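These values consider heavy atoms only, across backbone and side chains, with no hydrogens, waters or symmetry-generated copies. Reminder, nothing fancy here: chain letters follow the sequence lines and each chain counts from 1. No experiment lies behind these values; they were computed from the predicted model shown.
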Protein chains: 2
Amino acid sequence: MFTFDQLAGFIAVAEELHFGRAAERLNMTQPPLSRQIQKLEKIVGAELLERDNRKVTLTSAGEAFLDEARRLMALAERAPVTARRIASGRSGVLRVGFTAASGFSILGPLLGELAGIIPDVDIDLQELVTGEQLSGLLTGELDLGLARPPFDSETFDSHLLYRESMVVAVPAGHPLTLLARDITAEDFKDEPLIMHSPTQARYFYDLVVRMLPIRHANVVHTVSQILTMVSLVAAGRGLAFVPHSATLLGIKDVEFLPLEAGRGEEVELHALWNRRITNPALARLLRDLEFAME
Amino acid sequence: MFTFDQLAGFIAVAEELHFGRAAERLNMTQPPLSRQIQKLEKIVGAELLERDNRKVTLTSAGEAFLDEARRLMALAERAPVTARRIASGRSGVLRVGFTAASGFSILGPLLGELAGIIPDVDIDLQELVTGEQLSGLLTGELDLGLARPPFDSETFDSHLLYRESMVVAVPAGHPLTLLARDITAEDFKDEPLIMHSPTQARYFYDLVVRMLPIRHANVVHTVSQILTMVSLVAAGRGLAFVPHSATLLGIKDVEFLPLEAGRGEEVELHALWNRRITNPALARLLRDLEFAME
DNA sequence: ATCATTTGATACCCGGAAGGCATCATGTTT
DNA sequence: AAACATGATGCCTTCCGGGTATCAAATGAT
């Protein structure tokens with residue numbers, strides 16, 4: 001394999017068409033340059049220059065090789081620059097997981113903010129439930145998650161993004177929508193309930209269980225995605241407790257009713273990340289966010 | 001400037017993630033390899049590998065640099081070949097990028113056509129996704145691409161080669177294969193979907209998103225190569241939307257189902273090239289093609 | 001025709017870089 | 001705690017690349 005010095009030498013000679021001047025340009029003397037080119041030609045296996053003891057010309061193979069040589073040099077000069085940019089967090093890829101619910105509320109503004117702080121970093125978005133985000137953060141497939149508690153604060157660091165209240169999704173025209181007052185637990189006694197999955201959406205499940213004594217009899221479905229829940233409500237399969245941002249989904253034939261004051265616990269959405277940060281772009285983001293918060 | 005040996009050393013270590021094995025592969029001992037990498041890191045100005053006294057991992061800067069290093073090595077290996085070809089009297093080399101999907105349909109006939117128009121030009125084929133082809137065309141590493149929209153028509157000129165319809169790839173014996181009718185969007189409601197990468201395979205991604213109401217919930221993988229998608233389908237990981245030519249891949253345990261008429265949008269394959277043409281062989285090809293089309 | 005000039009190639013020498021061997025340092029496993 | 005695994009370091013030797021001096025061939029002026 002040839003060396004970069006040989007390429008640089010060849011480029012210089014090809015441009016000057018004169019060994020002496022090329023050598024001067026390269027801050028060396030002519031003899032080693034001559035040998036460099038000879039060696040290069042031997043490695044390439046083709047004559048690149050025609051020496052005619054009075055002038056130097058490029059062969060057609062030499063012209064083609066000059067192209068390649070320039071390309072190689074340009075690439076070789078750029079490579080460390082990009083590597084340094086990534087190491088400093090100024091560019092690269094940030095893999096962000098988000099839950100369906102957050103996608104309809106905070107994700108847009110958050111992306112705008114990210115674009116302000118790390119504009120050269122590509123954001124790779126993946127919609128995942130909290131559990132998937134946690135395992136993604138552990139394996140390093142994900143850099144940042146937008147998810148709900150609980151998660152292990154030993155391994156994950158986090159920042160509270162916002163709280164929102166829970167509301168009840170009911171099919172349009174349902175008797176409860178006619179109530180003049182806020183909803184209470186009593187109102188659900190005989191209503192079929194679409195429940196959160198205790199494994200996939202543990203946070204909501206625990207929350208709802210805490211809010212009202214469940215009557216398992218009435219649980220008609222257990223699902224993990226808010227969107228799915230609301231769709232089922234729209235289809236008249238029952239009621240569901242969903243975070244307020246679900247109202248932004250724009251699903252037809254569903255109404256959202258506020259819960260009795262005090263009973264409507266609030267749910268949280270956190271930005272969270274693995275404490276063992278490996279992605280410089282994330283390190284930079286967090287550092288700049290710290291500054292912004294103080 | 002670093003040397004090709006350092007690049008080769010880095011690539012070996014990055015692939016083996018083990019200095020000893022990498023050294024063995026390079027027919028050298030471990031100590032000089034360690035120093036080689038250290039020197040390379042010093043030159044690049046960034047940590048490329050994380051040594052943890054038990055295992056070696058790539059930093060994100062290292063990942064990016066690995067990419068560049070591979071490109072450099074590939075380019076460096078190809079350069080002498082093209083030079084020799086030209087020196088041996090053939091009039092040039094045309095470097096053609098193609099997508100895996102096009103490789104199974106149009107590539108064969110196209111090569112025949114090229115051989116008719118520019119018989120003395122060697123064709124250098126590389127399988128690349130659309131995004132890689134575009135960057136290759138920009139840097140001049142590629143002369144001609146066979147790829148799908150979108151691309152910037154300011155910098156690239158193109159010619160539509162053909163259209164084909166999309167089909168659904170399902171694991172053999174899947175319930176949907178028993179359906180007597182064509183598939184509709186409703187049929188996927190609860191099916192895991194193997195999705196195209198929004199960055200690497202933007203065209204397909206946009207198309208599929210357009211075809212069926214976003215149900216991110218069911219996306220199990222995002223991949224960029226059609227072949228990978230079909231393999232994942234074969235492995236029973238889910239369904240996938242692929243162009244009709246994927247049926248030619250001959251992968252076992254996959255069936256392809258047509259989409260409901262009207263819903264199955266057609267996808268396009270274009271031949272495209274950089275408007276700033278530098279390769280005379282490409283100029284000749286295009287000129288002769290113009291003649292043929294008139 | 002001869003000789004000075006130009007320009008790339010060759011001969012020879014020297015310093016530094018890269019590889020090999022032996023060994024160290026550190027973390028893991030039994 | 002001892003053996004093991006694995007990357008880093010120290011030291012020696014070899015070889016490659018650059019420098020100086022010189023050669024070789026072609027040109028052109030007298």
Side-chain angles (χ1 to χ4, degrees), chain A residues 1-59 61-63 65-66 69 72-73 76 80 276 278, chain B residues 1-59 61-63 65-66 69 72-73 76 80:
Chain A
M1 177 65 60
F2 45 80
T3 71
F4 284 105
D5 283 347
Q6 287 164 356
L7 291 181
F10 171 67
I11 292 173
V13 175
E15 283 174 0
E16 300 284 346
L17 293 178
H18 187 289
F19 278 74
R21 279 197 300 277
E24 198 176 340
R25 202 171 100 181
L26 295 165
N27 292 316
M28 62 190 290
T29 55
Q30 169 264 321
L33 180 57
S34 281
R35 277 173 305 189
Q36 223 177 39
I37 304 296
Q38 289 166 20
K39 210 170 282 183
L40 179 63
E41 285 179 316
K42 190 158 192 170
I43 294 167
V44 169
E47 257 203 359
L48 303 175
L49 295 164
E50 190 91 34
R51 290 85 142 175
D52 139 301
N53 244 334
R54 200 68 197 171
K55 63 185 192 302
V56 178
T57 47
L58 276 167
T59 64
E63 274 178 49
F65 194 77
L66 177 59
L72 273 163
M73 292 302 287
R276 294 173 23 99
T278 55
Chain B
M1 177 64 61
F2 43 81
T3 69
F4 283 105
D5 282 347
Q6 287 164 355
L7 291 181
F10 171 67
I11 292 172
V13 176
E15 284 175 359
E16 299 283 348
L17 292 178
H18 188 289
F19 278 75
R21 278 195 300 278
E24 197 175 340
R25 203 170 98 179
L26 296 165
N27 291 316
M28 63 191 289
T29 56
Q30 170 264 321
L33 180 58
S34 282
R35 278 173 305 197
Q36 218 178 44
I37 305 294
Q38 289 166 18
K39 207 169 285 183
L40 178 64
E41 286 179 317
K42 192 159 191 169
I43 292 168
V44 169
E47 259 205 356
L48 302 176
L49 294 164
E50 190 92 34
R51 290 84 145 176
D52 145 297
N53 244 332
R54 199 66 196 168
K55 64 187 189 301
V56 178
T57 48
L58 277 167
T59 64
E63 276 177 48
F65 193 79
L66 177 59
L72 273 164
M73 293 301 289

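In this structure, B/Leu48 and B/Glu63 have side chains that are not in contact, with every pair of non-hydrogen atoms separated by 4.5 Å or more. Side-chain atoms of B/Phe10 and B/Asp5, non-hydrogen and from C-beta on, never get closer than 4.5 Å to each other. The shortest distance between side-chain heavy atoms of A/Ile37 and A/Glu41 falls below 4.5 Å.
For A/Arg276 and B/Glu50, the salt-bridge test fails: no basic side-chain N is under 4.0 Å from an acidic carboxylate O.
Between B/Phe2 and B/Phe65, the ring-plane angle classifies as perpendicular under the 30° and 60° cut-offs.
The side chain of A/Phe19 lies closest to C/dG8, out of D/dT20, C/dG8, D/dG7. Ranking C/dG19, D/dG18, C/dG8 by closeness to the A/Met28 side chain, first place goes to D/dG18. Closest contact between the side chain of A/Ser34 and the listed nucleotides C/dG8, D/dA21, C/dG19 involves C/dG8.
The nearest whole Å value for the distance from the CD atom in A/Glu24 to the P atom in C/dG8 is 13 Å. One can place CD1 of A/Ile37 at 14 Å from C1' of D/dG17, the figure rounded to the nearest angstrom. When rounded to the nearest whole Å, the span between CZ of A/Phe4 and P of D/dC16 equals 20 Å. Between the P atom of D/dT6 and the CG atom of B/Leu17 lies a distance of 13 Å, rounded to the nearest Å. Distance CG (B/Asp5) to P (D/dC16): 12 Å, rounded to an integer number of Å. A/Arg51 has its CZ atom 22 Å from the P atom of D/dC23, to the nearest Å. When rounded to the nearest whole Å, the span between CD of B/Glu16 and P of D/dG7 equals 11 Å. The distance between atom NE2 of B/His18 and atom P of D/dA5, rounded to the nearest whole Å, is 10 Å.
Remark: A/Thr29 is in phosphate contact with D/dG19, judged by side-chain N or O atoms under 4.0 Å from OP1 or OP2. Here A/Lys39 reaches the OP1 or OP2 of D/dG17: one of its side-chain N or O atoms lies under 4.0 Å away. Taking only side-chain nitrogens and oxygens, B/Arg35 never comes nearer than 4.0 Å to OP1 or OP2 of D/dA8. Residue A/Gln38 places no side-chain N or O under 4.0 Å from the OP1 or OP2 atom of C/dG8. The shortest distance between the side-chain N/O atoms of B/Gln36 and the OP1/OP2 oxygens of C/dG19 is below 4.0 Å.
One can find a donor-acceptor pair under 3.5 Å joining the base of C/dA9 and the side-chain atoms of A/Gln30.
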